[in-house]
Number of protein chains: 2
Amino acid sequence: MAPRLTTSSYAILALLAIQPWTAYELTQQATRSLRFAWPKSERLLYSEPKKLVDHGLATTHDKPIGKRTRAVYTITGEGRAALQAWMTTSPEPPALEAEALLRLLFAENGSTDDLISALDTMARDAAEMYEQVATINSGYLDGRHPFPERTHLSALFATFQLELFDLMMKWVEYAKAEIATWPDTEGLGMTDRTEAILNSIKERQSVLGPHETP
Amino acid sequence: MAPRLTTSSYAILALLAIQPWTAYELTQQATRSLRFAWPKSERLLYSEPKKLVDHGLATTHDKPIGKRTRAVYTITGEGRAALQAWMTTSPEPPALEAEALLRLLFAENGSTDDLISALDTMARDAAEMYEQVATINSGYLDGRHPFPERTHLSALFATFQLELFDLMMKWVEYAKAEIATWPDTEGLGMTDRTEAILNSIKERQSVLGPHETP
DNA sequence: TGACTCTACTGCAAAGTGCAGTATAAGGTG
DNA sequence: CACCTTATACTGCACTTTGCAGTAGAGTCA
């Protein structure tokens, strides 16, 4: 029996709905475009198209490249139907995995310098991801989108990614300013500032304050 | 040979650094406090403390509860040393998994209603998580923190969580307003609004505009 | 033309998840 | 107070996913 279809299977199926690809092209495309919405290992991405074939949602034909032959995957009618059906189902809640935040929660076991460098790493990662997304999307203005008819989707998605990375960078700045007032990482408990933070939470006010739009 | 220590192992080890717990208490505590920084299955959380014992980072002693006996895990000196060493290492980049964003990227395979309801689900999930975090943290003002000396860490972490959930809700509103101008999900490409979005990305301006702080 | 390096994968062990199953404990009912 | 139900506290197992090492052809250059 073929392994069951997962969300990752539908992600690959949706790529096949755009055009036929080889397994390698699929992994490249998935890594580039899905990295920030559905991050999966290259290894998995290679296996998924085979599973789609087992389920009859895609077919392969061999295309000769040089001396060897490469499998090109094409979506079937059944595949398109399965994809449309999936689009009507309800998505799982978003989940964030952030090791730097773990370091904050357990900061008492290290120095303030350890904590600050963990947060700096997170901010640098966010800045790098911001640059990548901003650069690629700016290119779309010069017609560099591989599928121009899909630009409206990519651009709207990009707004989320950039707001998220921006939030991470701004929050790290805020957190570092707060931590700078700590004599140490442990045993502070309810400081005046902590009380102020908790009050702003109770009043549902943003601690980062208003965005400036430059 | 004992399986190697993962980031999840250190997360559990850090909980043991607070106080000794039974495996069940550890899973409860980890699910509650780590859910939004390091989301892991209950099943894994049950296995980790055993691994810590295999590595000599924790010990167990049996505590009789009713007619049965329950293992209480305690961190060792080696465990504290390992934890401190881990605190100095560099955290992995943050990763967000959001199925609703997948639906946006591949929205062409469904109706605008499908897309909007996927985004609504995401906003509802974010609102729910916001409520949970806000409620728990407001309680800390009335001395409801189980480890009062750790309040400064929980509160700072909470600011990130709330800003994140707030961003998700605000962005969904923005995205829905944009999608409302689409006649359909597919083939729109570079609309005037898409061009405006891409220009604001190029200029590095927030599309959500300034936060209001109520 | 052999020696590298890059592209394009596959196999495998180990990490992590989901779910069904189980045994004790606790709480209510006639 | 025996009986039934529900909640607590797990474990086993099959399956999913990851990381990494290995490999075979393709391009590149002295």
Side-chain angles (χ1 to χ4, degrees), chain A residues 1-13 15 20-32 34-35 37-55 60 62-73 92-99 102, chain B residues 1-13 15 20-32 34-35 37-55 60 62-73 86 92-97 99 102:
Chain A
M1 188 52 205
R4 67 175 208 84
L5 296 171
T6 62
T7 303
S8 305
S9 313
Y10 288 102
I12 295 298
L13 188 57
L15 284 177
W21 311 79
T22 67
Y24 177 69
E25 289 165 343
L26 277 171
T27 62
Q28 299 303 299
Q29 196 58 30
T31 316
R32 271 181 210 129
L34 307 181
R35 193 162 33 129
W38 199 252
K40 295 292 138 185
S41 68
E42 201 189 59
R43 188 63 190 82
L44 179 69
L45 269 16
Y46 268 112
S47 320
E48 288 301 342
K50 295 180 187 172
K51 206 158 82 182
L52 296 177
V53 173
D54 290 346
H55 281 265
T60 35
D62 287 352
K63 187 173 83 173
I65 295 180
K67 202 158 286 181
R68 67 159 59 177
T69 147
R70 202 136 286 171
V72 177
Y73 292 87
E92 289 296 300
L96 178 78
E97 203 173 84
E99 203 186 324
L102 259 193
Chain B
M1 189 51 206
R4 65 174 211 86
L5 296 170
T6 63
T7 303
S8 305
S9 313
Y10 287 103
I12 295 299
L13 188 58
L15 284 177
W21 312 80
T22 68
Y24 178 69
E25 289 165 343
L26 277 171
T27 62
Q28 299 304 298
Q29 197 57 31
T31 318
R32 270 177 211 132
L34 306 182
R35 195 162 32 129
W38 199 250
K40 295 293 137 183
S41 70
E42 201 189 58
R43 189 62 191 83
L44 179 68
L45 269 17
Y46 267 111
S47 319
E48 288 300 343
K50 294 180 187 171
K51 207 158 82 182
L52 295 177
V53 172
D54 291 346
H55 282 265
T60 35
D62 286 355
K63 188 173 84 173
I65 296 179
K67 202 158 286 181
R68 69 159 60 177
T69 148
R70 203 135 287 172
V72 177
Y73 292 87
W86 177 69
E92 289 296 300
L96 178 79
E97 203 172 85
E99 203 184 325
L102 259 193

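In what follows, chains are A, B, ... by sequence order, proteins preceding strands, each numbered from 1.
Residue B/I12 holds its CD1 atom at 10.5 Å from OH of B/Y73, rounded to the nearest 0.5 Å.
On a pure distance criterion of 3.5 Å, a polar donor-acceptor pair joins the side chain of B/R43 and the base of D/dG12.
Closest contact between the side chain of B/S41 and the listed nucleotides C/dT10, D/dT17, C/dT17 involves C/dT17. For A/L44, the side-chain atoms get nearest to D/dT17 when compared with the rest of D/dG25, C/dC9, D/dT17. You'll find that the side chain of B/S8 is closest to C/dG16, out of C/dG16, D/dT18, C/dA15. Minimum atom distance to the side chain of B/Y46 is reached by D/dT11, of the listed C/dG16, D/dT11, C/dC9.
Under a 3.5 Å cut-off, the side chain of A/E92 and the backbone N or O of B/E99 do not form any donor-acceptor pair. The backbone N or O of A/L102 lies less than 3.5 Å from no partner atom in the side chain of B/W38, so there is not a single donor-acceptor pair.
Note: NZ (B/K50) to C1' (C/dA15) measures 16 Å, nearest angstrom. Across the protein-nucleic acid pair, A/Q28 atom CD and C/dC6 atom P stand 15 Å apart, rounded to whole Å. The distance from atom CD of B/E97 to atom P of D/dT16 is 16 Å, rounded to the nearest whole Å. Nucleotide D/dT11 holds its C1' atom 12 Å from the CD atom of B/E42, rounded to whole Å. Atom P of nucleotide C/dA15 and atom CG of B/L52 are separated by 13 Å, given to the nearest angstrom. Between the CG atom of B/L26 and the C1' atom of D/dT8 there is a distance of 16 Å, given to the nearest Å. If you take CG of A/D62 and P of C/dC9, they are 11 Å apart, rounded to a whole angstrom. For the pair B/Q29 CD and D/dT8 C1', the computed distance is 17 Å after rounding to whole Å.
Counting non-hydrogen atoms under 4.0 angstrom, A/T6 reaches the backbone sugars and phosphates but no base.
Between A/T6 and A/K51, the closest side-chain pair of non-hydrogen atoms falls below 4.5 Å.
DNA chain D is contacted by both A/K40 and A/R68; A/K40 maps to the nucleotide lying nearer its 5′ end (nearest heavy atom per residue).
Nearest heavy atoms, B/D62 versus B/A71: OD1-CA, 3.9 Å.
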